[in-house]
There are 2 protein chains.
Amino acid sequence: MTFDPQERAEPGDGTRNKLLDAAERLFAEKGFEQTSVREITTEAGANIAAVNYHFGGKDNLYREIFHRRLAHLREQRTSKIEALQHEGGSRPTLEDIVSAFTSAFLEPLMDHSEGRILIELIAREMLSPHLPRTMFFEEMIDPVRESLSRALQSAVPGLTDAEAARCVHSIIGQLVHVIHHSRLATEAGRQPREELDLHVMADHVIRFSVGGIQAIAGSSKV
Amino acid sequence: MTFDPQERAEPGDGTRNKLLDAAERLFAEKGFEQTSVREITTEAGANIAAVNYHFGGKDNLYREIFHRRLAHLREQRTSKIEALQHEGGSRPTLEDIVSAFTSAFLEPLMDHSEGRILIELIAREMLSPHLPRTMFFEEMIDPVRESLSRALQSAVPGLTDAEAARCVHSIIGQLVHVIHHSRLATEAGRQPREELDLHVMADHVIRFSVGGIQAIAGSSKV
DNA sequence: GACAGAATCAAACAGGTGTTTAGAATGGAT
DNA sequence: ATCCATTCTAAACACCTGTTTGATTCTGTC
């Protein structure tokens, strides 16, 4: 019912930003429904009514968080691939592309603070959507897929559109699984097995995927 | 508005079983926290107190559901691989193994009723655990992984334990992603793209993974 | 200093949660 | 017909939820 009090509020001491940060952390950790407005406000050192005053409700706060983060993450993932494509000199190899995407995908996870939170948020949202159903596909999944798919086709001539799309599927599937597993395993208190370490797995996914793509391309040619 | 004698269908259809069925469906659809005991009981045509009487609480009902299903699913996934291994005649090829596991993994999803519910339940539990943290690893993930890992090594001599474990990771990651995506896409109302159809994707995953595994095994030999 | 608007606060609101209770049916076995 | 354990029922319990309210403090402008 009220207008946005301050649209930008750069300084980190605004209550509005403290609420956003606290909510982001809690939503990622416990999920939307499981996080109460009281938790958020006390965590941010604010009053219970602060969420409704600044955002007009719990749902809007949630939406605001995604709006703030999605664009940045998408750009981060596609930019490396695009950069490779338009780079001067020789055309990037298949391994170049897969490697660039893999590190771009996994990089936000290496720092344990911010990246993990975002991934967790996204995973939760995909399983229990509280956002408009199409928003995720249009703003995140489709652009990233498109970008990687085109890059693969430029490096592997003869790869059809459908084949490229499925290979993208395979790569992303592996990467998402790596993320989920690392989260689950550490949470379950199991000491991480060295053969499934994040960096080791990144190398593996690259080699595995390059082999897989070549197999797909090769068998279709015959 | 309660006891309807024509509601019964099965011999073992005491309210206890009706509660289990209703809860399983609702937990899968909306998640544990988001499903209320009142919903479960009214869906099962029972009194609100029935859950606490028969199971001693909402949590125990949830645990009971998994206890009932997990063993069966695990057996279903490992048995096909084991059968291949101990089959008379020539040793199964790499493609045989990956193919058998893929279809065993995806099969419960082809029938749209029961299998989907179970997958949904598991996906939710992995993201927001309400069960003892280790139960899932010990009763489901580890045995399946072990079984597939050994099978791969028997078909691809020279594949180390660590490499096999990572390849299993890659395969399962792809399959889980196929499942999630199919769920998300149909839920979002998008008409399924034919190149990402379940059967087509199954074939793709097999070829992609065989190529990937061979690449891993080949590069390690050099 | 005076004033307006933004920001914060404690308290209460209406509604939903899982669980407990005491009492009433039910179905066999004696 | 009596008894007893099992099963079911309606009502209440204590607690937590997101949101609203009306008053109070803070902040910047004239």
Side-chain angles (χ1 to χ4, degrees), chain A residues 1-27 29-66 124 128-131, chain B residues 1-27 29-66 124 128-131:
Chain A
M1 295 314 150
T2 61
F3 288 3
D4 286 346
Q6 43 186 40
E7 279 284 351
R8 44 211 90 225
E10 279 288 332
D13 62 339
T15 322
R16 199 187 133 96
N17 283 75
K18 283 207 244 175
L19 286 174
L20 278 170
D21 291 340
E24 188 171 278
R25 212 180 54 72
L26 288 169
F27 283 151
E29 188 184 322
K30 321 172 45 177
F32 177 79
E33 323 276 3
Q34 203 56 17
T35 302
S36 72
V37 176
R38 280 164 179 81
E39 273 180 288
I40 297 172
T41 50
T42 59
E43 171 98 7
N47 186 270
I48 317 172
V51 164
N52 281 275
Y53 176 75
H54 284 281
F55 301 94
K58 190 186 176 186
D59 311 277
N60 287 352
L61 168 57
Y62 184 77
R63 218 161 312 188
E64 186 75 14
I65 288 172
F66 274 87
R124 287 204 134 79
S128 314
H130 303 283
L131 264 35
Chain B
M1 58 137 56
T2 29
F3 42 95
D4 219 343
Q6 68 183 78
E7 273 257 322
R8 29 191 91 157
E10 298 273 333
D13 117 294
T15 48
R16 197 189 136 96
N17 284 74
K18 286 208 241 172
L19 286 174
L20 279 171
D21 291 340
E24 188 171 278
R25 213 179 53 73
L26 288 169
F27 283 152
E29 186 185 323
K30 321 173 41 175
F32 177 78
E33 323 276 3
Q34 205 56 14
T35 302
S36 71
V37 175
R38 280 164 180 81
E39 273 180 288
I40 298 171
T41 51
T42 60
E43 172 97 9
N47 186 270
I48 318 172
V51 164
N52 281 274
Y53 175 75
H54 284 282
F55 301 95
K58 190 184 174 185
D59 311 279
N60 286 353
L61 168 56
Y62 185 77
R63 219 161 311 187
E64 187 76 13
I65 288 172
F66 274 88
R124 289 207 130 83
S128 314
H130 303 283
L131 263 35

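Reckoned from all heavy atoms, side chains included, excluding hydrogens, waters and symmetry mates. Per chain, numbering begins at 1; letters A, B, ... match sequence-line order.
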Peer 1: To the nearest angstrom, how far is B/L19 atom CG from D/dT7 atom P?
Peer 2: 12 Å
Peer 1: Let's test your reading of the model: under 3.5 Å, does the base of C/dA7 pair with the side chain of A/N47 as donor and acceptor?
Peer 2: no
Peer 1: I'd like to know if the side chain of B/T35 reaches the main chain of B/K30, judged simply by a donor and an acceptor atom lying under 3.5 Å from each other, with no hydrogens or angles considered.
Peer 2: no
Peer 1: Go through the steps to decide whether B/R25 and B/E43 satisfy the test salt bridge (Lys or Arg N to Asp or Glu O under 4.0 Å), and finish with yes or no.
Peer 2: CA-CA 10 Å; B/R25 213 179 53 73; B/E43 172 97 9; 2.6 Å; yes
Peer 1: Output the rounded distance in Å from CG (B/D59) to C1' (C/dG18).
Peer 2: 9 Å
Peer 1: Take the protein atom CG of B/N60 and the nucleotide atom P of C/dT20, then report the distance between them rounded to whole Å.
Peer 2: 11 Å
Peer 1: Tell me whether the side-chain N/O atoms of A/S36 come closer than 4.0 Å to OP1 or OP2 in D/dC16.
Peer 2: no
Peer 1: Can you check the A/K18 NZ to C/dT8 P distance for me, whole Å?
Peer 2: 9 Å
Peer 1: Does a distance-only test, which skips hydrogens and angles, find a donor-acceptor pair under 3.5 Å between the side chain of A/R38 and the base of D/dG18?
Peer 2: yes
Peer 1: Taking the minimum atom-to-atom distance to the side chain of A/V37, which one of D/dT9, D/dG18, D/dT21 wins?
Peer 2: D/dG18
Peer 1: What is the distance from OH of A/Y62 to C1' of D/dT17, rounded to the nearest Å?
Peer 2: 18 Å
Peer 1: Side chain of A/Y53, heavy atoms from C-beta onward: which of C/dT21, C/dA7, D/dC8 has the nearest atom to it?
Peer 2: C/dA7
Peer 1: Measure from CD on A/Q34 to P on C/dG18 and round the result to the nearest Å.
Peer 2: 11 Å
Peer 1: So, do B/S36 and B/K58 sit near enough that their side-chain heavy atoms are less than 4.5 Å apart?
Peer 2: no
Peer 1: Need one value for B/T41: base, sugar-phosphate or nothing, where a base atom within 4.0 Å counts as base even if backbone is also close, heavy atoms only.
Peer 2: nothing
Peer 1: Can you find a pair of side-chain heavy atoms, one from B/R16 and one from B/E64, that are under 4.5 Å apart?
Peer 2: yes
Peer 1: Atom CZ of B/F55 to atom P of C/dT20: distance rounded to whole Å?
Peer 2: 16 Å
Peer 1: A/A50 near the nucleic acid: base, sugar-phosphate alone, or nothing, with a heavy-atom cut-off under 4.0 Å?
Peer 2: nothing
Peer 1: Check whether any side-chain N or O of B/N52 sits under 4.0 Å from OP1 or OP2 of C/dG18, and answer yes or no.
Peer 2: no
Peer 1: Check the distance between D/dT19's C1' and A/L61's CG and give it to me in whole angstrom.
Peer 2: 14 Å
Peer 1: Does D/dC8 have OP1 or OP2 sitting under 4.0 Å from an N or O in the side chain of B/H54?
Peer 2: yes
Peer 1: Can you say whether the rings of B/H130 and B/Y62 are parallel (under 30°), tilted (30 to 60°) or perpendicular (over 60°)?
Peer 2: perpendicular
Peer 1: By nearest nucleotide on DNA chain D, pick out whichever of A/G57 and B/I48 is the more 5' one.
Peer 2: B/I48
Peer 1: Does A/T15 put a side-chain nitrogen or oxygen below 4.0 Å from OP1 or OP2 of C/dA7?
Peer 2: no
